Amino acid sequence: DVQLQASGGGLVQAGGSLRLSCAASGFSFYDHAIGWFRQAPGKEREGVACINVNDGRAYYSDSVTGRFAISVDHTKTSVYLQMNSLRPEDTAEYYCAADPRPPRYNLGNPYEYDYWGQGTQVTVSS
């Protein structure tokens with residue numbers, strides 16, 4: 001079974017950091033792009049970052065560029081999202097998703113990703 005297990009969320013003060021993890025299993029990890037999305041209450045799901053697993057090319061939304069970094073660990077078939085300088089507006093449920101049609105050249109829309117994990121809540125207090 002395809003599984004994407006997101007973890008690492010929590011409560012942090014503004015300016016702090018968190019590292020989210022997405023553990024993937026049940027599919028050919030190397031042949032996918034992995035994206036991180038987030039959804040705040042009452043808002044649409046938006047892309048945050050994505051990475052082509054085979055070549056490491058990564059893309060970010062304007063709102064997180066320079067603050068967030070996505071990375072991949074092939075040995076653990078996991079993707080990480082290091083989030084620094086967090087702001088209250090980063091508060092959301094964060095999801096990881098897999099796109100089986102790489103390479104990606106941008107974040108794209110949620111419907112372009114076939115597999116989704118459960119979310120992990122990130123709350124940034126002011």
Side-chain angles (χ1 to χ4, degrees):
D1 291 347
V2 172
Q3 289 194 4
L4 293 165
Q5 185 78 24
S7 61
L11 173 64
V12 64
Q13 288 187 332
S17 299
L18 282 174
R19 186 191 191 215
L20 304 185
S21 299
C22 176
S25 62
F27 63 95
S28 179
F29 183 68
Y30 189 80
D31 296 327
H32 286 69
I34 305 295
W36 282 99
F37 291 78
R38 65 186 182 187
Q39 188 166 19
K43 295 188 177 181
E44 292 187 354
R45 190 167 295 189
E46 63 170 345
V48 175
C50 72
I51 189 166
N52 292 303
V53 173
N54 60 356
D55 65 12
R57 282 181 292 172
Y59 304 91
Y60 299 90
S61 68
D62 290 343
S63 61
V64 307
T65 295
R67 300 188 298 124
F68 291 11
I70 190 170
S71 61
V72 61
D73 185 330
H74 292 89
T75 62
K76 296 182 179 179
T77 62
S78 293
V79 172
Y80 305 98
L81 185 68
Q82 178 66 43
M83 305 187 297
N84 300 324
S85 302
L86 283 161
R87 304 167 180 169
E89 54 264 40
D90 294 318
T91 295
E93 189 84 2
Y94 282 71
Y95 301 87
C96 59
D99 172 10
R101 294 167 293 271
R104 297 203 60 85
Y105 301 99
N106 52 52
L107 279 172
N109 294 304
Y111 62 79
E112 296 173 29
Y113 293 75
D114 288 13
Y115 311 121
W116 291 81
Q118 91 297 347
T120 185
Q121 177 67 36
V122 171
T123 303
V124 184
S125 63
S126 57

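Given the structure is predicted, the values throughout are model-derived calculations rather than measurements.
- Closest of all the heavy-atom pairs between Q3 and F27 is O-CE2, 4.1 Å.
- Here I51 contributes atom CD1 and C96 contributes atom SG; the two are 13.0 Å apart, rounded to the nearest 0.5 Å.
- S21 places none of its side-chain heavy atoms less than 4.5 Å from the side chain of S78.
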### Task
Begin from the C-alpha positions of V122 and T91 and carry the test side-chain contact (heavy atoms from CB on, under 4.5 Å) through to its verdict.
CA-CA 5 Å; V122 171; T91 295; 5.8 Å; no
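- A salt bridge (Lys or Arg N to Asp or Glu O under 4.0 Å) check over residues 4-14, counting only residues at least two apart or in different chains, returns nothing.
- Smallest separation of non-hydrogen atoms from C22 and W36: CB-CZ2, 3.5 Å.
- Panel note: side chain S85, backbone G15; no donor-acceptor pair is recorded below 3.5 Å.
- Heavy atoms only, all atoms of each residue included: F29 and H74 are closest at CE2-CA, 4.4 Å.
- Taking the centre and axis of the six-membered ring of Y95, the NZ or CZ atom of R45 falls inside the cone set by 45° and 6.0 Å.
- Cluster membership check: Y59 does not share its hydrophobic cluster with Y94, using side-chain heavy-atom separations under 4.5 Å among Ile, Leu, Val, Met, Phe, Trp and Tyr.
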### Task
For salt bridge (Lys or Arg N to Asp or Glu O under 4.0 Å), just list the numbers for R38 and E93, CA-CA rounded to whole Å, side-chain angles, deciding distance to a tenth of an Å, and then say yes or no.
CA-CA 5 Å; R38 65 186 182 187; E93 189 84 2; over 6 Å; no
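- A side-chain contact (heavy atoms from CB on, under 4.5 Å) with F68 is found for one member of I70, T65, V64 and no other, namely V64.
- Tested against I34 for a side-chain contact (heavy atoms from CB on, under 4.5 Å), the candidates V53, L81, T77 yield a single pass: V53.
- Evaluation of the salt bridge (Lys or Arg N to Asp or Glu O under 4.0 Å) test over residues 105-126, restricted to residues two or more places apart or in two chains, returns R101-D114, R104-E112.
- Listed by first then second residue, pairs satisfying salt bridge (Lys or Arg N to Asp or Glu O under 4.0 Å) with a partner in residues 49-59 read D55-R57, not counting sequence neighbours.
- Side chain of N106 to main chain of G108: a donor-acceptor pair is present (N/O by atom type, distance under 3.5 Å, no hydrogens or angles).
- Scored by the side-chain hydrogen bond (donor to acceptor under 3.5 Å, both in side chains) test, N54 finds no partners at all (sequence neighbours excluded).
- Under the disulfide bond (SG atoms under 2.5 Å apart) criterion, C50 pairs with no residue at all, not counting sequence neighbours.
- Qualifying side-chain hydrogen bond (donor to acceptor under 3.5 Å, both in side chains) partners for S61, counting only residues two or more places apart in sequence or in other chains: S63.
- When the ring-ring contact (aromatic ring centres under 6.0 Å, His included) test is applied to Y113, the partners found at least two apart in sequence or on another chain are F37.
- Under the salt bridge (Lys or Arg N to Asp or Glu O under 4.0 Å) criterion, the residue pairs touching residues 66-81 are R67-D90, with sequence neighbours excluded.
- Applying the side chain to side chain contact (heavy atoms under 4.5 Å, CB included) test to D31 and every residue at least two apart in sequence or in another chain returns S28.
- The minimum heavy-atom distance between A40 and A92, with the atom names listed, is N-CB, 3.9 Å.
- Residues that satisfy the ring-ring contact (aromatic ring centres under 6.0 Å, His included) test with Y80, not counting sequence neighbours, are absent from this structure.
- Between M83 and L20, the closest heavy-atom pair is CE-CG, 3.7 Å.
- Sorted by first and then second residue, the pairs that involve residues 117-126 and meet side chain to side chain donor-acceptor pair (under 3.5 Å), not counting sequence neighbours, are Q121-T123.
- L4 and L107 fall into different hydrophobic clusters, where Ile, Leu, Val, Met, Phe, Trp and Tyr residues are linked whenever their side-chain heavy atoms come under 4.5 Å apart, directly or through other members.
- Applying the side chain to side chain donor-acceptor pair (under 3.5 Å) test to every pair with at least one member in residues 9-20, sequence neighbours left out, gives these pairs: S17-N84.
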